[in-house]
Amino acid sequence: MKRHQTDGERQLSQLFSREHVVLGQYMEKLKKLVYQNRSMSAEAVEQFRETIAIFVEKLRKHHALEEELLFAALTESLGYATPPVIMMTEEHRRLVSQVLEMREETACCECTGRGSMKLREVTTTLCRLLHDHFHQEEMLLFPMAEHVLSKETKEAILAAAACLAYPLIRNVLAFWPLIVMGAFATASIWFIRRKKVRHFVNDLLGIVGLTMLLPVAAALGGGAPGPELLAAMALNVAYFAGSIFFVKAVFREKHKQSFHVVGMIYHLLLLCLPFLPHVPALVSVIFLPGVVKMAIAAKGVKLPVKTVGIMEIGNVLWFLAGGYVLLAA
């Protein structure tokens, strides 16, 4: 019995400590950006601003999780708000205020185009406050919760935090992709009922519909920056649309020269994407194998199903690796 309780207590501490680790990583990234860029270029400022946006969102959600679940459970269990709970709640407000001050200093750097000693000071102070706050919670508040709260209460906190409905309710934006998926599924049923399940448009609807899982996953995971999320979605649709062209060119449309031409034009256009503003050259490298595959299909080379499958697996691994490097840059 004691062993089971200890395991539950460890899970409760780990639940909140894991989020501390993630927030600490973002804080270190902000600190690194400040000290590595003594002259804040427009690119550095934009990167700093995007990182702050993610950090603020995750910090507020973490605070809400602690206050609405852990702090509320402690207060209800004891019958009053203990000094540690009051102190940690006040520190939450102070941390958010410090982050907002850092964001204001970033705007000043953008106007002047120079680094700011004030920005470094604010960032260093925030880093210290965050470290001290996490240490106090992990050394004082979490052990107190493990000792005071009943087994049932701790299990309820773990269940509430793990329940997918919790972040969905807190983030209404997580619902819109599900609506889009429903609409595309309805359109796909239209093709199925007319015995056109292998139609190109139906395949494309399936790809776009499944891509809607990305914003859902982002919302449930704490949110992702808009530009990065949209880039990931666009890359996903562009790549798998190319796969549709290739597979159909090898099998179903192998004798239709016009389809081969359209497919090759599509892949060549993907190689030209870096000519658009703010699109890195790496995008061409990601889509290069698709051009090679389409060229093989256009030449009429007979490929067994197994070979096509192996080629697709290799290409998707190439795409995932390139996409990861691109989005992490």
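As the structure is a prediction and not an experimental result, all values here were calculated from the model. Numbering of residues begins at 1 and proceeds along the displayed sequence.
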Next item on the list: Check step by step if side chain to side chain contact (heavy atoms under 4.5 Å, CB included) holds for T123 and M27.
Entry: CA-CA 8 Å; T123 306; M27 188 66 249; 3.7 Å; yes

Next item on the list: Consider only side-chain heavy atoms of I, L, V, M, F, W and Y, link residues closer than 4.5 Å, and tell whether Y26 and L100 are in one cluster.
Entry: yes

Check: By ring-ring contact (aromatic ring centres under 6.0 Å, His included), which residues pair with H135, not counting sequence neighbours?
Finding: none

Notebook entry, point to check: Hey, any chance L23 and M139 share a hydrophobic cluster, counting ILVMFWY side chains that come within less than 4.5 Å of each other, even indirectly?
Noted result: no

Item checked: Under 3.5 Å donor-acceptor, T124 side chain and R120 backbone -> yes

Checklist line | Side-chain touch V316/Y239, heavy atoms, less than 4.5 angstrom | finding: yes

Checklist line | Mutual orientation of the aromatic rings belonging to F259 and F200 [parallel < 30°, tilted 30-60°, perpendicular > 60°] | finding: perpendicular

Notebook entry, point to check: Salt bridge or not for E28 and K32, using N-O below 4.0 Å?
Noted result: no

Next item on the list: Rounded to the nearest 0.5 Å, what's the gap from CG on N202 to CD1 on I189? Could you check?
Entry: 10.5 Å

Next item on the list: Please tell me if the side chains of E19 and E66 come closer than 4.5 Å, counting only heavy atoms from C-beta onward.
Entry: no

Notebook entry, point to check: Residues in ring-ring contact (aromatic ring centres under 6.0 Å, His included) with F142, at least two apart?
Noted result: F16, H20

Check: Are V201 and V197 in one and the same hydrophobic cluster, where Ile, Leu, Val, Met, Phe, Trp and Tyr link if side-chain heavy atoms are under 4.5 Å apart?
Finding: no

Note to self: Is the shortest side-chain heavy-atom distance between L210 and L213 below 4.5 Å?
What the structure shows: yes

Note to self: Between L78 and V85, is there a side-chain heavy-atom distance shorter than 4.5 Å?
What the structure shows: no

Checklist line | T82 vs M144 side-chain heavy atoms within contact, under 4.5 Å | finding: yes

Next item on the list: Determine, stepwise, if the pair F240 / T211 fulfils side chain to side chain contact (heavy atoms under 4.5 Å, CB included).
Entry: CA-CA 10 Å; F240 284 103; T211 301; over 6 Å; no

Checklist line | Over 12 foreign heavy atoms within 6.0 Å of CD, E138 | finding: yes

Notebook entry, point to check: Can you find a heavy atom in the side chain of K61 that is under 4.5 Å from one in the side chain of E57?
Noted result: yes

Margin query: For a 4.5 angstrom cut-off between non-hydrogen side-chain atoms, does L130 reach F55?
Written below: yes

Can you give each donor-acceptor pair under 3.5 Å made by side-chain atoms of residues 274-300, sequence neighbours left out, with the distance rounded to 0.1 Å?
residue	atom	partner	partner atom	Å
S284	OG	L271	O	2.7
K293	NZ	E312	OE2	2.3

Next item on the list: Determine, stepwise, if the pair E155 / K151 fulfils side chain to side chain contact (heavy atoms under 4.5 Å, CB included).
Entry: CA-CA 6 Å; E155 289 177 350; K151 173 188 169 184; 3.1 Å; yes

Check: Mind checking whether Q136 and M87 have side chains closer than 4.5 Å, heavy atoms only?
Finding: yes

Next item on the list: Kindly compute the distance separating NE2 (H63) from CD (E68), expressed to the nearest 0.5 Å.
Entry: 12.5 Å

Next item on the list: Quick one: sort the H92 and F71 rings into parallel, tilted or perpendicular, breaks at 30° and 60°.
Entry: parallel

Next item on the list: Please test V262 against F245 for side chain to side chain contact (heavy atoms under 4.5 Å, CB included), starting from the C-alpha separation and ending with a verdict.
Entry: CA-CA 9 Å; V262 173; F245 274 113; 3.9 Å; yes

Check: Between R93 and E67, is there a side-chain N and carboxylate O pair less than 4.0 Å apart?
Finding: yes

Note to self: Distance check, rounded to the nearest 0.5 Å: E253 atom CD versus F246 atom CZ?
What the structure shows: 14.5 Å

Margin query: Taking transitive links into account, so neighbours of neighbours count too, which hydrophobic residues share a cluster with I265 at under 4.5 Å side-chain distance?
Written below: V261, L269

Next item on the list: List, by chain and then residue number, the residues other than L140 in its hydrophobic cluster (Ile/Leu/Val/Met/Phe/Trp/Tyr, side-chain heavy atoms under 4.5 Å); write none if there are no others.
Entry: none

Next item on the list: Return the set of residues passing side-chain contact (heavy atoms from CB on, under 4.5 Å) with R198 (not counting sequence neighbours), or none when no residue passes.
Entry: K248, R252

Note to self: With clusters defined by side-chain heavy atoms of hydrophobic residues (ILVMFWY) lying less than 4.5 Å apart, directly or transitively, does L268 cluster with I244?
What the structure shows: yes

